[in-house]
Asks: 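Sharing a structure with you now.
Lettering follows sequence order; numbering is per chain, from 1.
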Amino acid sequence: MPIGVDALPIETRALARALIGHVLVSDRVDGRTAGRIVEVEAYVPRDAASHAYAGKTARTAVMFGPPLHAYVYLIYGMYHCFNITSEPEGEGAGVLVRALEPLEGIALMQARRGIAAERELCRGPGRLAAALGIDRSADGCPLLAPSPLWLAQPVRAPGRIGSSRRIGISRAPRRLLRFYERGSPFVSGPRNLSP
DNA sequence: AGGATGATCGTCT
DNA sequence: GACGATCATCCTC
């Protein structure tokens, strides 16, 4: 069941933390896949590491649109990264979802990824997008309304949330804007750092 | 266990 | 024309 409109904050950092434990569901013609969010990164307003930093462009337009929509971009010519937009319309910001704990449609994820190991299916932004069948066609998709890509209530309360530097960025590298469920084996980077 | 490398292309300079 | 909010593979320790 989709979550209510007011179930999540839209301030970027608060949203990032609140997303941990929520479930992302992808409904496609070949079936449903779903996973529990265990790792995210916040890309806040006026953040030098954010795609929105240089201003609104065709690619980043949805980052400046209403919150809780999908921002999906192609990286390194071959992977997709899935983000959830944040802040009121007009602000360019979002939350990158970096890892999921697979919950539903495991066999379909395995087929899409070409691997069997459950732990590796959604461990990393490019991997989870592939496992859920997310590509640029999902860009701008609302995540609350009935939609092929939507957020559901947590199935289990999150454990303690840790924070760290963001992964793979060169600008604003010291900001602690990566959040993850401590100790989860499905987290992609360091997973036992700060409280 | 950890570092280097190649794949591959849309986007912005 | 250079460069990624990455990943899989290959190498060395």
Asks: Remember a base hit wins even if backbone is also touched, and classify Ala54(A) as base, sugar-phosphate or nothing at under 4.0 Å, heavy atoms.
Replies: nothing
Asks: Begin from the C-alpha positions of Arg166(A) and Leu96(A) and carry the test side chain to side chain contact (heavy atoms under 4.5 Å, CB included) through to its verdict.
Replies: CA-CA 10 Å; Arg166(A) 292 171 291 185; Leu96(A) 170 69; over 6 Å; no
Asks: Report the distance from atom CD1 of Ile75(A) to atom C1' of dT11(B), rounded to the nearest whole Å.
Replies: 11 Å
Asks: Taking the side chain of Tyr79(A) as its heavy atoms from C-beta onward, which of dT11(B), dA8(C), dA5(C) lies nearest to it?
Replies: dA8(C)
Asks: Counting only side-chain heavy atoms from C-beta out, which of dA5(C), dA8(C), dT11(B) sits nearest to Met63(A)?
Replies: dA5(C)
Asks: Starting from the C-alpha separation in whole Å, work towards a yes-or-no answer on salt bridge (charged side-chain N to carboxylate O under 4.0 Å, His left out) for Glu91(A) and Arg46(A).
Replies: CA-CA 9 Å; Glu91(A) 286 272 24; Arg46(A) 292 170 295 286; 3.7 Å; yes
Asks: With a cut-off of less than 4.0 Å, is there a side-chain N or O of Arg171(A) near OP1 or OP2 of dG4(C)?
Replies: no
Asks: Return the 5'-most residue of the pair Met78(A), Leu74(A) with respect to DNA chain B, ranking by each residue's nearest nucleotide.
Replies: Met78(A)
Asks: Classify the nucleic acid contact of Gly126(A) as base, sugar-phosphate or nothing, counting any heavy atom under 4.0 Å across all strands shown.
Replies: sugar-phosphate
Asks: Compare the minimum distances between each of dC7(C), dA5(C), dC12(B) and the side chain of Arg127(A), then state the nucleotide with the smallest one.
Replies: dC7(C)
Asks: So what does Arg113(A) hit on the nucleic acid, given a heavy-atom distance under 4.0 Å: a base, only sugar-phosphate, or nothing?
Replies: sugar-phosphate
Asks: Taking OH from Tyr53(A) and P from dA5(C), how many angstroms apart are they, rounded to a whole number?
Replies: 15 Å
Asks: CG of Leu96(A) versus C1' of dC7(C): gap in Å, rounded?
Replies: 14 Å
Asks: Output the rounded distance in Å from OH (Tyr76(A)) to C1' (dC7(C)).
Replies: 10 Å
Asks: Base, sugar-phosphate, or nothing: which does Arg136(A) touch, judged by heavy atoms less than 4.0 Å apart?
Replies: sugar-phosphate
Asks: Taking any heavy-atom pair under 4.0 Å as a contact, classify Arg166(A): base, sugar-phosphate, or nothing.
Replies: nothing
Asks: Given that Ser170(A) and Leu128(A) both sit by DNA chain C, which one's nearest nucleotide is further toward the 5' end?
Replies: Ser170(A)
Asks: What I want to check is whether an N or O donor and acceptor connect the side chain of Tyr73(A) with the base of dA5(C) at under 3.5 Å.
Replies: yes
Asks: Rounded to whole angstroms, how far apart are NE2 on His80(A) and P on dT6(C)?
Replies: 14 Å
